[in-house]
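First the proteins, then the strands, lettered A, B, ... as listed; each starts at 1. Worth saying up front: this structure is predicted, and the values here are computed from it rather than measured.
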Amino acid sequence: MLQIQVIRENKEEVVRRLAKKNFKGLEIIDQIVQTDADRRSTQTELDSLKADANAIAKQIGEMMKSGKKAEAEDLKNKSTALKETEKALQERLNTAEAELEKLLVLVPNLPADVVPEGRLPEDNKTVFTHGEIPALYEGAQPHWDLAAKYDLIDFELGVKLTGAGFPVYKGKGARLQRALINFFLDRATAAGYLEVQPPILVNADSGFGTGQLPDKEGQMYHVTVDDLYLIPTAEVPITNIYRDVIVKAEDLPIKNCGYTPCFRREAGSYGKDVRGLNRLHQFDKVEIVQIQHPDKSYQTLEEMREFVAGLLKDLELPFRTLLLCGGDMSFASAQTYDMEVFSAAQQRWLEVSSVSNFEAFQSNRLKLRYREGSEKPRLAHTLNGSALALPRIVAALLENNQEPDGIRIPKVLVPYTGFDKIN
RNA sequence: GGAGACGUGUCCGAGUGGUUGAAGGAGCACGCCUGGAAAGUGUGUAUACCCCAAAAGGGUAUCGCGAGUUCGAAUCUCGCCGUCUCCGCCA
C-alpha cells in the first residue's frame, strides 16, 4: 500500500511511474486524492466538535462536585445536542476512511527507475547468465518420466490422497527433498540469516500485511471453519513477525530465513505449465527475508540476488537472472529479479526464485517501522527471495544430470543425500 | 470442549464513572555530582491522525480488540481474541 502522503504530495509522479506498471486505473488516484481531502476536512470538523464536547463534560464534572445540579443539567442538554452532529460526522469520517483504504489497496507499488518498460515476459531484461546448457544423450527423458523410472515421485498416488498437484515423494526422491531443504537452510544460516520455523496457517491480518489479501484471496487455500489461510510462501508469516513493530535502526538489517511447505490454488493454470513438477499446489521452499533501512535496501537486493545465484552455481545448474519489466512484476514489488534454471529435457527455462524489494509498500500495511535515535519512527523496507523453491530445482537436476546409468547428484548435495547417484 | 480467574505504558504495578495519556516504582536517555564508577539528584521517556508552509503550538483517538450505556468510561454492559488454573481429551 502506497502512503497517502506520497500520493497526495507527488500525484503527477505517482501517475507517471504507475504507467510503467501497466496500471490502468489512474482515475483511482484522483478519487484517492479527493477522498483523502474529504477525510481530512471531516476529521478537522469532528475533532473540534469533540473538543467542545470534552470541555463541556469537564465543566459538568466540576459542577457536580460543587453541587450546581441545575446548571449541570443545562450543559447536559447542550452536550446531547452536540452528539447528534458528532454522530453524523463520525459516520462520514468512517465512510471516508473505509473508502480511502479500499482505493489505496487497489494501487500497486511504484516500480524503481531501473525497471524496464514493458508488459510481457519478453520485455524482461536478462542481466546475467551462467553455465552451459547440457547436451543430453539420445533418449534423455523429461523429469516426470525419470521420476517414474527411478520411483522418486508418485504423482498418481498424490491424486488418490489429495488431488492433482500434490505429489508423493518416495525413497531417494524424498531424501533429495530433505537434502535440498537442509542445504538451503545451512547456506542461508551461514550468510547470516536467522532460521525461523513459522506457522503455515495464518490469519487474515497477516494475509493483509504482506499483500495477499484482499488482492489475491483466490490464490490461497482458506480454512473457513477457523478463518485461517494456508500460506502461499513463508514470506507471509516471516514478514508478519514484524507487523506493528518498531525496531531500532542499529538492529537493521534483520535477516530471517525459513523452510515451509507452500500452498497455492493456482486457479486457471493448465497444459505443459503444470506437467510434472512444473507447477504444484503444495511445494517446499526456503525463503529469505530482510528488513532493511531505506537507504540500503537496493544494495541488499543485489546481495540477495548474489546469494541465490551462489546456490544455483553450487548446484551446477545453468541459469539466467532477469530484471522483470514493469508489467511482469508483482503487485507489491518495486524491483524484482527472477532466477530461471534451464531444464534440458523440456528445453525451457523454469523460474526457481524471485527476489524483490518492496520498499515501504509492505511496511505501510504492516506498520513496520524503525527508529533512528530519538527521531520519529519511519517505515522500513522489506525484501524477500526464494532460496530456493524445490520442485523446479529437482526437475532441472533430474533432467540435466541424467546419464545412461542414472542421475548424478551435485557434489555439494552428496553430504546431505548420502548418495551420489540415483539409479 | 466444560468451569472459573484475568488482560493497564519498555517492564512491574495502582486505579470500579468526573481535569487519568493514565499514580508509584524499575529500566532507559541526557545533565548535575565523582578522579572514575556506584549511590544520590534533576529533567525527559508512546503511537497514529487532524490543524498550521515548516518549526513552535494546538486538537482528536488509543488502558487486549470491537460495539454499546452515559453529558463524561481504564472503570458499567455485550461480543470476540488471548493468558492462567481445574476438569476432559491427546501427539
* Counterpart base for rC86(B), defined by Watson-Crick or G-U wobble contacts under 3.5 Å -> rG2(B)

* Just how far, in rounded Å, is P of rU60(B) from CG of Leu93(A)? -> 15 Å

* Asked: If we call it a pair only when both distances are under 3.5 Å in a Watson-Crick or G-U wobble match, what pairs with rA29(B)?
  -> rU43(B)

* Between rG72(B) atom C1' and Glu86(A) atom CD, what is the distance in whole Å? -> 12 Å

* To do: Mark up nucleotides 46-59 of chain B, 5' to 3', with B wherever a protein heavy atom is under 4.0 angstrom from a base atom, S wherever such an atom reaches only the sugar-phosphate, and - elsewhere.
  => SSSBSS-------B

* Asked: Quick one: on RNA chain B, does Leu75(A) or Gly61(A) contact a more 5' nucleotide (nearest heavy atom)?
  -> Gly61(A)

* Distance, P atom - from rG64(B) to rU75(B), rounded to whole angstrom -> 8 Å

* Asked: Between Arg40(A) and Asp36(A), is there a side-chain N and carboxylate O pair less than 4.0 Å apart?
  -> yes

* To do: Sticking with atom C1', work out how far rG15(B) lies from rG21(B), rounded to a whole angstrom.
  => 14 Å

* **Distance between P atoms of rC6(B) and rG24(B) (Å, rounded)** => 26 Å

* Asked: Is rU34(B) paired to anything, Watson-Crick or G-U wobble with both distances less than 3.5 Å, and if yes, which nucleotide?
  -> none

* Structure fact -> For rG79(B), the nucleotide meeting Watson-Crick or G-U wobble distances (both under 3.5 Å) is rC65(B)

* To do: Under a 3.5 Å limit for both distances, which nucleotide forms a Watson-Crick or G-U wobble pair with rA74(B), could you say?
  => none

* Sort out the partner of rG21(B) for me: Watson-Crick or G-U wobble, both distances under 3.5 Å, none otherwise. => none

* Counting only Watson-Crick or G-U wobble pairs whose two distances fall under 3.5 Å, which nucleotide matches rC49(B)? -> rG59(B)

* To do: State, without any angle test, whether Ser41(A) and Thr44(A) hold a side-chain donor-acceptor pair at a distance under 3.5 Å.
  => no

* **Between P of rG82(B) and CG of Asp227(A), the distance in whole Å** => 12 Å

* Consider only side-chain N and O atoms of Ser297(A) and Gln292(A), and report whether a donor and an acceptor are under 3.5 Å apart. => no

* Length of the CD-P vector between Glu73(A) and rU70(B), whole Å -> 14 Å

* Asked: Any chance the side chains of Glu235(A) and Gln362(A) put a donor and an acceptor closer than 3.5 Å?
  -> yes

For a quick test of your reading: what N or O donor-acceptor pairs under 3.5 Å do the side chains of residues 100-121 of chain A make, sequence neighbours left out?
residue, atom, partner, partner atom, Å
Asn109(A), ND2, Ala332(A), O, 2.9
Asn109(A), ND2, Phe358(A), O, 3.1
Arg119(A), NH2, Asn22(A), OD1, 2.9

* Rounded to the Å, how far apart are Leu82(A) CG and rC71(B) C1'? -> 10 Å

* Asked: If we take the P atom in both rG27(B) and rA22(B), what is their distance in whole Å?
  -> 23 Å

* Asked: What ring pair (Phe, Tyr, Trp, His ring centres under 6.0 Å) pairs are there with at least one residue in residues 191-212 of chain A, not counting sequence neighbours?
  -> Tyr193(A)-Phe307(A)

* Sequence-distant partners of Asp186(A), side-chain hydrogen bond (donor to acceptor under 3.5 Å, both in side chains), two or more places apart -> Tyr416(A)

* **Pairwise C1' distance, rU47(B) and rG42(B) [rounded to whole Å]** => 27 Å

Show the atom names and distances, to 0.1 Å, of all donor-acceptor pairs under 3.5 Å that link a side chain in residues 194-204 of chain A to residues at least two apart or in another chain.
residue, atom, partner, partner atom, Å
Asn203(A), OD1, Asp205(A), N, 3.3
Asn203(A), OD1, Ser206(A), N, 3.0
Asn203(A), OD1, Ser206(A), OG, 3.2

* rC71(B) P sits how many Å from Lys76(A) NZ, rounded? -> 6 Å

* Structure fact -> Whole-Å distance, Asn77(A) CG to rC71(B) P, equals 9 Å

* Examine the side chains of Tyr221(A) and Gln219(A) and answer whether a donor and an acceptor come within less than 3.5 Å of each other. => no

* Charged N-O contact under 4.0 Å between Glu316(A) and Arg408(A) -> yes

* In whole angstrom, what separates Gln90(A)'s CD from rG68(B)'s C1'? -> 14 Å

* With rounding to whole Å, what would you report as the distance between rU8(B) and rG66(B) at their P atoms? -> 16 Å

* Asked: Looking only at atom C1', what distance separates rA3(B) and rG88(B), rounded to whole Å?
  -> 11 Å

* Taking the P atom of each, how far is rC81(B) from rC12(B), in whole Å? -> 25 Å

* Structure fact -> Checking N1-N3 plus N6-O4 or O6-N4 for Watson-Crick, or N1-O2 and O6-N3 for wobble, each under 3.5 Å, the partner of rA91(B) is none

* **Distance-only donor-acceptor check, side chains Tyr150(A) and Asn423(A), under 3.5 Å** => no

* Reading nucleotides 75-80 of chain B 5' to 3', which nucleotides get B (base under 4.0 Å from a protein heavy atom), which S (sugar-phosphate only), which -? -> ------

